[in-house]
Every structure is written in C-alpha cells, then in structure tokens.
Amino acid sequence: METSENDGEISTPKPKAKSSKATNGTKKSKAEANGSPKKASKEEEEEDTYKWWEQQQQDEQDAADALGDGSVKWKTLQHNGVLFPPPYQPLPDHVKLHYNGKPVSLPPAAEEVAGFFAAMLATDHARDSVFQENFFKDFLRVLKDAPPKDGTVIETFESCDFRKMYDHFESEKAKKQGMTSAQKKELKEAQNQVEEKYKTCLLDGRKEKVGNFRVEPPGLFRGRGDHPKKGALKNRLRPEDIVINIGENEEIPVPNVPGTWKKVVHDNTVTWLANWKENINGNFKYVFLAASSSLKGQSDMNKFEKARELKKHVDRIRKDYSQDLRAKVMADRQRATAMYFIDKLALRAGNEKGEDEADTVGCCSLRCEHVTADPPDKLIFDFLGKDSIRYYNNVPVDPQVFKNVRIFKEGKDHDDSLFDRVTTGALNKHLASYMPGLTAKVFRTYNASITLQQQLDDHTPADGTVMEKLAAYNKANRMVAILCNHQRSVAKGHGDSMQKMADKLKGLKYDRMKLRHALFALDAKYRKKKAFSELESDLDEEWIESWEDRLRDKDIEKAEKKFIKDNEKLTAEGKETLEESVLKDRIKDIRQEHARLVKERGTDKAELKRSKPAEKIEEAIESLDQKIKNFKLQMEDKEEGKEVSLGTSKINYLDPRITSAWCAKHDVPITKIFSKALVQKCGHQTLFFLPWAMSSDPDWKF
DNA sequence: TGAGGGACTTAGCACTTGGGCA
DNA sequence: TGCCCAAGTGCTAAGTCCCTCA
C-alpha cells in the first residue's frame, strides 16, 4: 500500500509499473457463495477492499516471481462458449426478389444474402456504388452454388428489385413494435433464458460478466468512409471457425448449433474466451470479458496510472523535443515535430495502412497534402482520421514547427509522406526511453485527463447549483472531446428541437412577465424594485400575440379531448353523457380568458387565474428565474455539443478518479455524470474497483 | 529491420430503454 | 397512460502496439 501525495493519507493504491495482469484469488464469503449477499458496513467494505488489494498484489508478485516473465494472467477459467445466431428462416412464398420485373425463386442460401441487401435498402449504404458492387460480386458467387430454382439467370445488379423483400422486413419490424408490453416481456424472458449461461464466466473462481458472447451474425460489411470492401458478404460462422480458450481441466462447452470447435486452447496469458478470423479483412475477432469485469477494470487503472506517470517526465520530454526541432539530423527533427503534434494536438500515432483499407491517416502517416502552412505561424490540418472522421484544425504553432513543415514539404509531391524518416515503431521506441511503456497513445490519455482536471479546478462555480456545476463539467468534458476530435453526426431533429426549446424559453419568460405584472397590479411599489423592473427583452408584441393565440388553441383542443374522454367514460359506466353545451361553455370560458389577456397587453398589469399574495408571487418569480437560468444553460449545452461526442472521452480518456473526487468535493451525485454501467465499471457499486476509481478524498488530483 | 500476426483499446452508429411531459 | 426524445447500451469496425520470424 502506498500513500497519496496528499499529507501522507492512505489513498488509492498504485499499481506496479508493468502490470496488465489479471486479478487472482479473491474468494467470496460463504454468504455470498450461497447467493445471499453480505450486507457490509462502509468500513468493513473498505477493509475487505484493502485485504483484497493486498492479496491481489501478492498473487501477482508470486506469479511473476514464479515465471520470471510476468506473463501469467489467470489460474482457472470456466465458461460456456459463444452463442450462435439461429439458422436462417426462409421468407414466406409471396416475398421474393424480382429480376427484370419477375419474381425469382431463390434457394435459402441466396435468399439470405439478397435479404441482407434488401434490409438496408433505405440506408445510404445501399445507394453507394462500391457497396453495391461488392455486394453483387459476392451475391453472384453465392448464386453459383445456389442458383435460382426457376432457372432465372441473374447478371446485373440494376435488374434486381429488392423492394418486396424490404417491405416484408419493414412490416415484420412494425409487427414487433406493435406487440403488447406483455408479449415483449415474454419474448425477452425467453431470450434471457437462452442467453443466461453465456453471460458470465468463472475466472479464478470469481463470477465475471462476459462482454460480446454472441457470435457476429452474417451480413454485409459496413466499412466506414471509403472502405474498398464495404458491402462484401460477412460469412455465417460455424463452430469450425471458432477457437475456444478455457481452463485446462474445465468442461469443454457444447456449441448451440451442430459442429465442433475449430480448436480448444488453454492460454492463460491472454484474456479472450474465444476468437475467430473474419473473412473480409482477415482480422481476428475476440470474445472478451465485459468492461465491468475485474480484468478490464485493472487494465483501465493501469492505463491511467501510466498516464499519471507521464506527468513526471513530460517537462523533460517537451524540453528535449523543443530542442530537437532544430536538430541537424533530419530524422530527429522530423521525430521532434511529430512529437509536438502528438503532444499539443493529441494526434494519434498513425500506423501505415494497407491498400485494401480506407485511406485514413494519423501523425506519422500524414502526407504533404494534409498540412498546409498558413503564414506567419499557422498550420491547417485537413485529413481523415480514424473511422474516416475529418480532422480540420487551423492552429498557430511554434515558429520552428512552422518552419520545419515547410522544410519537410520541400521538393515533395502532395501525396508524399510528410514524415518520411519517422515510423510509429521508432517513435514509440524513443518515447519508451523516457519512461517504460510510454507510447504515443499515452499522450492522448494524459492530455485528456490533465485538461479535465485543470478545467474543473479553474471553472467549477464553488457556490453554484448542481446544474451550474454540471454545466461546468460538461464544458470541460467537451473541451477534451474537441481536443481528441470525438465527433458525432448532428441528430436529425436537432434544428426543430432547438426551435422548440427557444419557444419554451420564451414561454417561461412570458410567465415571468405575467407574474411581474400581477405584482404591479397589487402594489405599484414593486415597479421600482430592480428584481422586478427588468423587462423580458426578447418578448415582442407580435410574439406575445401569437403565444396567447397558441395558448388559447391548445386549451380548446385539450377541452375537446377531455370532453370526449369524459363522455366515453360515462358511457362505459352506463351513465348519461355530457351535453354539447358543456363543451361550448368550457370553450367560451377559454375564449373569455384569452380576451382578458388581450386586454391586459401593454398595460403592465395582470390578473392571475388564481390570486396569490405578493410574497407568494415573489417566490414564484424567484423560482421561475432559476428555471429560466437552468433552461438557458441546457440550451447552450445542447447547441455547443451537437457535433461533439462526450461519451468516448468519458469512457476511454478521463481518469474516473478526477470525476469521483470532483463529485465528492462539490456535492454532485456521481450518477449525474456516469451511467449505471459506468459507475459499476468505475467502482461505486462493486467492491472490486473501489480502490482505484472510488476516491473518497475530494482533494485527489490526476 | 520490416512485415505480418495477434491482442487489446478506442470509436461512431444503430437500436433500445426509460423518464418526463401533456 | 401513452408518446416522444434523450440517454444508454450493444455492436463491430478501426485503431494502437507488441511480438515473432525471416
């Protein structure tokens, strides 16, 4: 156990420098083993936690000592394998692909592939020529082995009409949506029953959640951006494709579809339970434990501890690369410039990519065309990064960096590599000479977390409301997301939604205005009080008129609906229904109320529907002021964040201890920031992760 | 030394869920 | 109570980085 930097108090334990090793040896209490969880006090929990932690450290050390290479991960692993999707169910007879306007009778294998495309007919993918081409090439290949039963020869994509199939899938979808909640529940329970045994495994005797236990179903490859293979057929997997990794003396699971596993291995130096090679790019796919598992939690903590470690070295690294920006050796100068980009702009390392992948780049793979010098000191970055997300940044840089980029581009074509003397391997090797395990990726984690910490320290309104503090947190989170270029597509209805919110805000201001006017009507002295004399600036005559008209129309509509509903109820009870005149009277009242509002316009006086004493009105204004303030914050947050994805940085780059300590310090419930699943991952509900993510010390710093 | 294999993290999109509001 | 939309979750593509081998 180590002490924190804060006054020697016991804080979160530090991991060893090199350890992505698994957790060992935690035993459940008898009560827990019997399925009745022990209700422990906070002190007991902490005590248990520390015992567990110490045991963990000892186990790891023992294992490492025994092997010498630190490669041991787990001792026992027991699981039920992977869950295959159900076999293909042929479509009803009337649902067919049409070719040259005529229905085609396809065997199931070919029909399934046609169905994959049909299901995507309304998406952008289906309109993409590369997607269509790749799909059709594979479809023809499948048709060779499974030709149409009626002898139709399918030759061109353009002659295929998938609409009947698409309509069928849509109607099936609608049927599913239209099910009663009882039916949905029943379906879900049945599914749960099938999946239950795959959801968890036993790792060193501990029950752990498995992540993606479902085998990926067949379909069309949805590569991102300009992936040359998008639309290609992803094959249906069979047990013969899957390698199972399991403890040596454990029972080998039986696949839920006919067949036998490709291989069963007992590799305790890795964390996957199963893997297979996908047929599109030849990549391995893995079944891992869930993010909330101890293994992933441990690994996460190691990652953040490594980033914290960088704090001790970063000044020296920066000093060195700043010097090397002027190095005589070109390779050193290029490396220093690349390090500057990675550090200051949070660029990814940028490994080389193959011809058969989308053309995306990172720092080391930048080409001359991606960086433009904009004198006197700005660089314009414009390239497609990971997931083909555009990185555009017009940013002032160190004068020497600016100069270097010009030098590196000299005599090169636009598609030549900017850093022709730098590779990610060499760069990472250089970084590791400063600190074991230091790579380009660590800078992203470090800069993200340190930015959050600094922003929260500098901009949290200590006396603000929870809402205001959360807005400050979101702002800091957003800064990080922008730094890391985490984007999302703007939601379809964003514009409409903002318009609605703006209208709602005006509505709140209108209510405030009416309350003020009611005060003035009660006592003229309120006109002179500053808190009530300020006008709601953006409410003009025209808007007020339209708002009051809309209020009236809405009230009438409501009254009509209520009238119908009341009468339906009365009929059901066998009672006499209300006469039409009742509704007429109600509508008359609404119109009278509206007429009163019209009369009040421009008088600075108002009458409330239910009269209130002045002090109650004052209270109502105060609470409305707060509501308006909060609502404005909400709107600003929404608009500023419409293209920024906060989740990615929250989950992957921000040390949860920063958030945990901040919440403790500023009395903000952690659930306002982390979802239930994340809280579990970060340690507020499970004992395992308490030591690392749950900082009870509000002064903990990254 | 570089290419390729392998294991893991990071990423955005699509679908589902649930909470607030009328 | 039902509807709508935002938040949450699942899925799987696309990165990083380490290791091995020729």
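Chain naming here is simple, since letters A, B, ... match the order of the sequence lines and numbering starts at 1 in each.
Taking only side-chain nitrogens and oxygens, A/Arg444 never comes nearer than 4.0 Å to OP1 or OP2 of B/dT9. For the OP1/OP2 pair of C/dG15 and a distance below 4.0 Å, the side-chain nitrogens and oxygens of A/Thr360 include at least one atom meeting the criterion. Contact annotation: A/His227 reaches the phosphate of C/dA14 (side-chain N/O to OP1 or OP2, under 4.0 Å). Residue A/Asn428 has a polar side-chain atom (N or O) positioned under 4.0 Å from OP1 or OP2 of C/dC17. When the side-chain nitrogen and oxygen atoms of A/Lys353 are compared with OP1 and OP2 of C/dG15, one or more of them lie within a distance under 4.0 Å. Within the structure, a side-chain polar atom (N or O) of A/Ser299 is placed less than 4.0 Å from OP1 or OP2 of B/dT9. A close approach under 4.0 Å does occur between a side-chain nitrogen or oxygen of A/Ser675 and OP1 or OP2 of C/dT9. Here A/Asn652 does not reach the OP1 or OP2 of B/dT9: none of its side-chain N or O atoms lies under 4.0 Å away. Of the side-chain N and O atoms in A/Thr439, one or more sit less than 4.0 angstrom from OP1 or OP2 of C/dC17. The side chain of A/Asn275 places an N or O atom within less than 4.0 Å of a non-bridging phosphate oxygen (OP1 or OP2) of B/dA7.
In this structure, A/Lys277 atom NZ and B/dG4 atom C1' are separated by 9 Å, rounded to whole Å. When the C1' atom of B/dT9 is taken as reference, atom CE of A/Met301 falls 17 Å away, rounded to whole Å. Nucleotide B/dC15 holds its P atom 17 Å from the NZ atom of A/Lys188, rounded to whole Å. Between the C1' atom of B/dT10 and the CG atom of A/Leu654 lies a distance of 13 Å, rounded to the nearest Å. Look at NZ on A/Lys285: it is 13 Å from P on C/dG15, rounded to the nearest Å. Remark: C1' of C/dT12 and CE of A/Met120 are 13 Å apart, rounded to the nearest angstrom. In this structure, CD of A/Glu278 is placed 12 Å from P of C/dT12, rounded to the nearest angstrom. The separation between A/Leu233 atom CG and C/dT12 atom P is 14 Å, rounded to whole Å.
Distances were taken from every side-chain heavy atom of A/Phe284 (C-beta onward) to each of B/dG6, B/dA14, B/dC8; the shortest belongs to B/dG6. Distance from the side chain of A/Ile389 is smallest for B/dG12 among the nucleotides C/dA13, B/dG12, C/dT16. Closest approach to the A/Lys73 side chain among B/dC8, C/dA14, C/dC17 is made by B/dC8 (side chain taken as heavy atoms from C-beta onward). The side chain of A/Arg214 lies closest to C/dG10 when the candidates are B/dG12, C/dG10, B/dC8. Residue A/Thr648 places its side chain closer to B/dA11 than to any other of C/dG15, B/dA11, C/dG8.
Ranked by how close their nearest DNA chain C nucleotide is to the 5' end, A/Ala349 and A/Asn283 are led by A/Asn283. Residue whose closest nucleotide on DNA chain B sits further toward the 5' end, between A/Trp272 and A/Ser649: A/Trp272. Checking A/Asp387 against A/Lys441, the closest nucleotide of DNA chain C that is more toward the 5' end is the one next to A/Asp387. Residues A/His486 and A/Asp267 both approach DNA chain B. Their nearest nucleotides, taken by heavy-atom distance, put A/Asp267 toward the 5′ side.
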### Task
Could you check A/Arg222 against A/Asp124 for salt bridge (Lys or Arg N to Asp or Glu O under 4.0 Å), going step by step and ending with a plain yes or no?
CA-CA 11 Å; A/Arg222 297 178 188 217; A/Asp124 288 342; over 6 Å; no

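Figure legend: cation-pi geometry between A/Lys296 and A/Phe288, with NZ or CZ positioned under 6.0 Å from the six-membered ring centre and within 45° of its axis.
Note on A/Gly211: nothing from the nucleic acid sits closer than 4.0 angstrom, heavy atoms only. At the heavy-atom level, A/Asn245 lies nowhere under 4.0 Å from the strands shown. Residue contacts shown for A/Ser489 are limited to sugar-phosphate atoms, with no base heavy atom under 4.0 Å away. Residue contacts shown for A/Lys184 are absent, as no nucleic acid heavy atom lies under 4.0 Å away. Counting any heavy atom pair closer than 4.0 Å across all strands shown, A/Gly385 reaches sugar-phosphate atoms only and no base atom. Contacts of A/Ala440 with the nucleic acid, taken as non-hydrogen atoms under 4.0 Å apart, involve only primed sugar atoms and P, OP1 or OP2. Among the protein residues, A/Tyr653 comes within range of the sugar-phosphate backbone only, with heavy atoms under 4.0 Å from sugar or phosphate atoms but none that close to a base. Base engagement by A/Arg224 is indicated by at least one non-hydrogen atom pair under 4.0 Å involving a base atom. Counting non-hydrogen atoms under 4.0 angstrom, A/Thr424 reaches nothing in the nucleic acid.
For A/Glu593 and A/Arg552, the salt-bridge test fails: no basic side-chain N is under 4.0 Å from an acidic carboxylate O. Residues A/Lys234 and A/Asp138 are not paired through a salt bridge, judged by the lack of any N-O separation under 4.0 Å between the basic side chain and the carboxylate.
Contact of the A/Lys672 side chain with the A/Leu470 side chain is registered, since non-hydrogen atoms from C-beta on lie closer than 4.5 Å. Between A/Arg335 and A/Met339, the closest side-chain pair of non-hydrogen atoms falls below 4.5 Å.
Close placement of the A/His227 and A/Phe221 rings is indicated, their centers lying within 6.0 Å of each other. Aromatic rings of A/Phe383 and A/Tyr392 (six-membered ring for Trp) have centroids beyond the 6.0 Å cut-off, not under it.
Within 3.5 Å, a donor on the side chain of A/Lys386 pairs with an acceptor on the base of B/dT10, or the reverse.
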